[in-house]
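Whatever order the structure lists them in is the order used to number ligands and atoms, beginning at 1.
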Amino acid sequence: DGDDVLLAVRGVSKSFGGIKAVQAAELVVRRGTIHAVIGPNGAGKTTVANLVTGVYGIDSGEITFDGRRIDGRRTHAIVRAGVARTFQTPLLFTHASATENVLAGFPDTGRLPLVRAWLKDPGQYRRTRELQDRAAALLELVGLGGDGHVEAGSLPYGKQRALEIARALASDPRLLILDEPAAGLNTAETAELGRLMLTLRAQGLAMVVVEHHMDLVTQVSDEVTCMESGAVLAHGTAAEVLAEPAVVEAYLGVE
Ligand code: ATP
């Protein structure tokens with residue numbers, strides 16, 4: 001792979017019992033680019049995200065991140081290597097504040113009882129202040145500047161999705177995997193999400209976005225991979241992929 005390759009999924013397969021969820025999949029994400037993964041329901045898109053993040057082990061093939069094998073590693077090690085993700089349905093600490101949710105995303109602080117650490121060690125207190133400031137900056141970045149104190153579960157759905165992104169960014173990733181980030185968002189929120197993704201890309205962050213919302217895919221993606229029945233059906237720019245007869249067919253086939 002060239003130096004510009006950040007993530008490479010090569011010939012990866014995964015079955016669940018008799019279901020071949022992913023079959024010899026290829027996904028190459030270049031540094032600082034947005035790569036959309038599209039395809040009908042059940043195509044294997046989320047499973048690819050789960051394989052890259054170590055939720056499941058792969059049956060065959062290999063996955064490299066920044067030139068190093070990450071298949072077979074545990075999720076926390078993959079996060080430490082620089083991969084973060086959000087989920088199809090937000091998984092927030094609903095009874096904690098937005099700020100606390102972001103704090104939980106910082107590596108090695110999730111389990112840290114902050115107040116106790118501060119009483120014991122003034123150094124930890126400084127560190128806690130720093131983390132609070134970084135959490136505030138991340139909330140600001142995703143449009144939640146005024147919501148730090150709000151209980152996550154009582155935020156409107158669109159803001160919960162933005163909060164998930166802020167929490168994922170807390171691990172300071174080089175690759176962010178977004179699983180259907182526009183699902184459940186209204187038009188204005190989807191446009192906002194698109195702008196946020198372009199801002200993050202301008203800061204050098206690479207993204208994989210699993211998405212059904214084609215306007216968003218067309219707006220943000222540098223490359224698109226279309227999957228069907230676990231396999232890659234087409235790869236190229238959004239315009240190229242969406243013009244492929246096989247891709248049109250795959251989408252019409254599920255109507
Ligand atoms: P959607 O757009 O609906 O989210 P998808 O492209 O993300 O679909 P996957 O969720 O990856 O598709 O599912 C691919 C196939 O693998 C489906 O047939 C699904 O039922 C199956 N599958 C995924 N995860 C598991 C699992 N943990 N156990 C059993 N089958 C699974």
Side-chain angles (χ1 to χ4, degrees), residues 7-29 34-63 65 70-76 78 83-92 157-158 160-161 164-165 168 175-186 189-190 193-194 197 206-221 223-236 238 241-242 244 246-255:
L7 176 77
V9 172
R10 300 283 189 198
V12 165
S13 298
K14 177 69 180 179
S15 294
F16 296 103
I19 301 166
K20 291 179 176 164
V22 173
Q23 302 185 59
E26 302 280 324
L27 178 68
V28 173
V29 181
I34 300 177
H35 196 130
V37 181
I38 66 168
N41 292 330
K45 306 179 298 294
T46 296
T47 302
V48 168
N50 284 333
L51 294 173
V52 170
T53 53
V55 175
Y56 302 121
I58 63 177
D59 293 340
S60 55
E62 64 172 57
I63 303 174
F65 181 72
I70 57 166
D71 54 272
R73 290 207 217 166
R74 305 265 292 265
T75 297
H76 64 87
I78 294 170
V83 182
R85 76 177 289 188
T86 64
F87 295 86
Q88 219 163 329
T89 37
L91 292 172
L92 294 168
Y157 188 72
Q160 292 193 23
R161 303 236 58 171
E164 250 213 314
I165 295 176
L175 177 70
L176 176 62
I177 301 176
L178 300 165
D179 196 351
E180 299 196 25
L185 299 192
N186 64 34
E189 290 166 339
T190 304
L193 171 67
M197 291 178 71
M207 280 159 271
V208 170
V209 57
V210 174
E211 192 49 72
H212 286 293
H213 199 293
M214 288 310 145
D215 288 347
L216 180 64
V217 167
T218 307
Q219 181 199 349
V220 302
S221 44
E223 292 182 55
V224 176
T225 292
C226 179
M227 296 182 68
E228 190 200 17
S229 306
V232 171
L233 195 59
H235 166 247
V241 169
L242 295 176
E244 279 278 333
V247 173
V248 176
E249 181 86 9
Y251 273 97
L252 292 178
V254 296
E255 293 301 307

Can you find an N/O atom of A43 closer than 3.5 Å to an N/O atom of ligand 1? yes
Establish whether atom 13 (O) of ligand 1 and some protein heavy atom are separated by less than 4.0 angstrom. yes
Taking D179 for the side chain and R85 for the main chain, is one N or O donor matched with an acceptor at less than 3.5 Å? no
Which residue owns the protein heavy atom closest to atom 8 (O) of ligand 1, what's the atom, and how far is it? G42 N, 2.8 Å
For atom 2 (O) of ligand 1, the closest protein heavy atom turns out to be K45 NZ, 2.8 Å
Contact atoms of ligand 1, heavy-atom distance to A21 under 4.0 Å: 15 (C), 16 (O)
Just by modelled atom types, is the A24 backbone N or O under 3.5 Å from a matching donor or acceptor in the S13 side chain? yes
Residue T46 vicinity, atoms of ligand 1 by number, heavy atom under 4.0 Å: 4 (O), 5 (P), 7 (O), 10 (O), 11 (O)
In terms of ring plane angle, is the pair H35 and H235 parallel, tilted or perpendicular, where the classes change at 30° and 60°? parallel
Closest contact, heavy atoms only, T86 versus A168: CG2-CB, 4.2 Å
For the backbone of T53 and the side chain of T75, can you confirm whether one donor and one acceptor N or O come within less than 3.5 Å of each other? yes
Return the closest protein heavy atom for atom 9 (P) of ligand 1 as residue, atom name and distance. T47 OG1, 3.6 Å
Using a 4.0 Å cut-off to any heavy atom of I19, which atoms of ligand 1 qualify? 18 (O)
Looking at G11, is its backbone amide N or carbonyl O close enough to the side chain of E26 to form a donor-acceptor pair, meaning the two atoms are under 3.5 Å apart? yes
Do side-chain atoms of K45 reach the backbone of G39 as a donor and acceptor pair under 3.5 angstrom? yes
Atom 31 (C) of ligand 1 has as its nearest protein heavy atom F16 CD1, 3.3 Å
Is G39 in contact with ligand 1, taking contact as a heavy-atom separation below 4.0 Å? no
Side chain E244, main chain V241, donor-acceptor under 3.5 Å: no
Would you mind running through ligand 1 and noting each atom that sits below 4.0 Å from a heavy atom of Q88? 4 (O)
Within a distance of under 4.0 Å, is there any protein heavy atom near atom 19 (C) of ligand 1? no
Below 4.0 angstrom from a heavy atom of Y56, which ligand 1 atoms are there? Numbered from 1 as shown, please. 27 (N)
Qualifying residue, where the test is side chain to side chain contact (heavy atoms under 4.5 Å, CB included) with I38 and the options are H212, M227, M214: M214
Hey, is E180 one of the residues with a heavy atom under 4.0 angstrom from ligand 1? yes
Is E211 reaching over with its side chain to a backbone N or O of A36, donor-acceptor style, under 3.5 angstrom? no
Subset of ligand 1 atoms that lie under 4.0 Å from at least one heavy atom of H212: 2 (O)
Identify, for atom 3 (O) of ligand 1, the protein heavy atom at the shortest distance, and state residue, atom and that distance. N41 OD1, 3.2 Å
